[in-house]
Amino acid sequence: MKKIIRQLILDAANKAFENNKLNANEFPEFSIEEPKVDAHGDLSTNFAMVNAKTQKMAPRKIAEILIRYIGNNSPVIEKTEIAGPGFINFFILPAAWYPVLSDIYEKDTAYGFSNMGNGQKVQVEFVSANPTGPLHVGHGRGAIVGDSVASILTACGYDVHKEYYINDAGKQIQTLGLSVFLRCRELDGHSIDFPEDCYQGDYIYDIARELKQEKGDWVFTVSEEKAVAFCAKFAADRMIINIRNVLNTLGIEFDNWYSEQALMDSGKVASVIQKFKDQQLIYEKDDALWFKTEAFGDEKDRVVVRNNGQGTYFASDIAYHQDKLDRGFDRIIDVWGADHHGYIPRIRASITASGKDENQFVVILTQLVNLLRKGVPVSMGKRSGQFITLKEVIDEVGKDAVRFIFLTRHYESPLDFDLEVAKQKTNDNPVYYVQYVHARISSIIKKAQDEKQIGENEITDICFDGKAVARIKEPEEIQLIKHLARYPETIRSSAEYMEPHRMAFYLMDLAADFHAYYNKHRVLTEDPDLTAGRLYLIFAVQKVIRNGLTLLGVSAPDSM
RNA sequence: GCGCCCGUAGCUCAGCUGGAUAGAGCGCCGGACUUCGAAUCCGUAGGUCGCAGGUUCGAAUCCUGCCGGGCGCGCCA
């Protein structure tokens, strides 16, 4: 509809110029939007205001000329008005909205999809938590945001690749191995001295038990060095399986799990360091190797190889991001917790330094999650071992509620996640509000089938029944269709800004319109045409609700 | 001290990237089920958009400076 109006305006403006009513035929960018107040029409444009300067005319004067040239010959316009400082308001004929419905039926699960991305290759890397402990809710937020962004981009014609980067090399893995090894000894009846910087959680015992189950006392028959190394590998593998399982319960699957160890074994880390050395971008100071990140916008230079010869995380990350771009992605998106924001400049610097385009690298920073129960904070702390895991949260409140709550906030806002609120089936917890629309419509359709022998196929065919469609004319019905018409642009803006919460809010609004309509008007009536028209409408609503929930990874139940 | 994020109704949050009279939900109060699912709906009340300047036809939105909260500033990961 916006497209139609935009064309109408441009045609009128050009015609006015040809007739010497306007002074210039260059028209700056103008917007068309839905006014907040019904009295301002269905759509409104600021055309006259933004053109005031180039036309050297008063906005209202421009608006008057334009309206004259728009005239009344468009099949979609009921009337136009000039208002306020120079807005032109368009009132659309109700029947002009009907094609939205047939479009929904035609496209069905692909309604609202676009080719905005034009097949561009995009990689979304998210979660990437160290496999040294269970996921917590903060990881969950990044996981859900990353996954939904990926879905939305896919719907917009991007070729999306989801990846998890496993930090399975380095000191923390050694520490994990030592932790498990010590717990094995403890389980064997030895008294142990368990260092503070080892992983304190009970899950270490679980892994130790599993290891003993599989390998018996083997770890005590070899050197401690060898045993710890084995424990590390064993434990990391277990943790990754555990992490993958938890993510699967959230409906998240990755296209690729990328191992840091494999990256190092491939020699790519060493070769990229050598390359930057050759280019004088890496230099030696105090027995360590430093990357000149400051020259590319970072606060200071960063160490890539410590004076003990060990590479830092940054070294792997440089190679990893080089590798991502080398794999041909047009855009690489990293979803990180906000506590890592200090890392952005150095990664960006490494990309710039390599001669690649830093704009291909985008970071989504999700703010931290405060876990609460009835308003009081639940203490968190990984090292202490006292924390509620993501799995426990999912088990308690359910996947759909967890996902939806995380997606009803802008990811840059800190999030209070209250376990008790998340379990409530009230409007404090809008996932059920939206799902209820879907279930309600399923229920009506079932009833239509049982009592009036109108099945889904018959409803779909109603688009060819002009008599029935013409019966859709209540204000609440037209309102619903207008709302459905906004779905495609909601997907597009969610993708453009990588903000899935826009979709969540859209669905809540649509749900509100539906519930209001439902309470005011009956769908199943004694009048066959009226009934058919309304079934046609609500089935379309249901499709859009389902599509939107799918993009957010939330189920659309037929009953609840 | 420096950097990033946040500050909007009693609470939790939106506000379509500068538009018209700033919106939802929860909570409070009052209503609606013999008819398609009351996990719903309808109505009332609630605001110096943290503060102060600036930019312009127009600012919650952009710029500057403060105030308050969170996070980060390692040859840790």
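What you see below is based on every heavy atom in this structure, not just the backbone, and it leaves out hydrogens, waters and symmetry mates. Note on naming: letters A, B, ... go to the chains in the order of the sequence lines (proteins, then strands), and numbering restarts at 1 for each one.
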Heavy atoms under 4.0 Å, any strand shown: does [X] hit a base, just sugar-phosphate, or nothing?
X	answer
A:His521	base
A:Asp286	base
A:Ala439	base
A:Thr490	nothing
A:Met49	base
A:Asp558	base
A:Ser443	base

Among the nucleotides [options], which one has an atom lying closest to any side-chain atom of [X]?
X	options	answer
A:Phe87	B:A20, B:C73, B:A77	B:A20
A:Glu33	B:C71, B:C75, B:G19	B:G19
A:Leu524	B:C36, B:C76, B:A14	B:C36
A:Glu299	B:C73, B:C36, B:C76	B:C73
A:Arg502	B:C36, B:U17, B:C6	B:U17
A:Asn46	B:G19, B:A77, B:C75	B:G19

Between protein and nucleotides 58-61 of chain B, what N or O pairs are separated by less than 3.5 Å?
none

Take the protein atom [atom1] of [X] and the nucleotide atom [atom2] of [N], then report the distance between them rounded to whole Å.
X	N	atom1	atom2	result
A:Leu372	B:G70	CG	P	15 Å
A:Asp418	B:C26	CG	C1'	12 Å
A:Asp301	B:C73	CG	P	18 Å

inquiry  = With no hydrogens and no angle check, just 3.5 Å: does a side-chain donor-acceptor pair link A:Glu260 and A:Tyr320?
reply    =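 No pair is found: no donor N or O on one side chain lies under 3.5 Å from an acceptor on the other.
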
A:Asn547 and A:Tyr487 side chains, donor-acceptor separation under 3.5 Å =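 No, because no side-chain N or O of A:Tyr487 sits under 3.5 Å from a partner of the opposite role on A:Asn547.
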
query = Can a donor-acceptor pair under 3.5 Å be found between the side-chain atoms of A:His340 and the base atoms of B:G72?
reply =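 In this structure, the two groups form no donor-acceptor pair.
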
message = Base of B:U40, side chain of A:Tyr433 - is there a donor-acceptor contact under 3.5 Å?
response =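 Donor-acceptor pair under 3.5 Å: no.
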
query = B:G72 base stacked by A:His341? Criteria: ring centres under 5.5 Å, plane angle under 30°.
reply =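 Here A:His341 fails the 5.5 Å or the 30° condition.
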
key: A:Val393 and A:Phe417: CA distance, side-chain angles, deciding distance, side-chain contact (heavy atoms from CB on, under 4.5 Å) verdict   = CA-CA 10 Å; A:Val393 171; A:Phe417 189 99; 3.8 Å; yes

request  = Evaluate salt bridge (charged side-chain N to carboxylate O under 4.0 Å, His left out) for A:Arg373 paired with A:Glu420, printing each intermediate quantity in order.
outcome  = CA-CA 6 Å; A:Arg373 190 180 288 283; A:Glu420 294 305 320; 2.8 Å; yes

Result block: side-chain N/O donor-acceptor pairs under 3.5 angstrom for residues 57-64 of chain A, not counting sequence neighbours:
{"residue": "A:Arg60", "atom": "NH1", "partner": "A:Gly84", "partner atom": "O", "Å": "2.7"}

note = Output field dot_bracket for RNA chain B (Watson-Crick or G-U, both distances under 3.5 Å, | for other-strand pairs) contains (((((((..((((.....[...))))..((((.......))))......(((((..]....))))))))))))....

ask   = Are A:Arg502 and A:Tyr506 in a cation-pi setup, meaning NZ or CZ lies under 6.0 angstrom from the ring centre and within 45 degrees of the ring axis?
value =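 Not satisfied by the 6.0 Å and 45° rule.
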
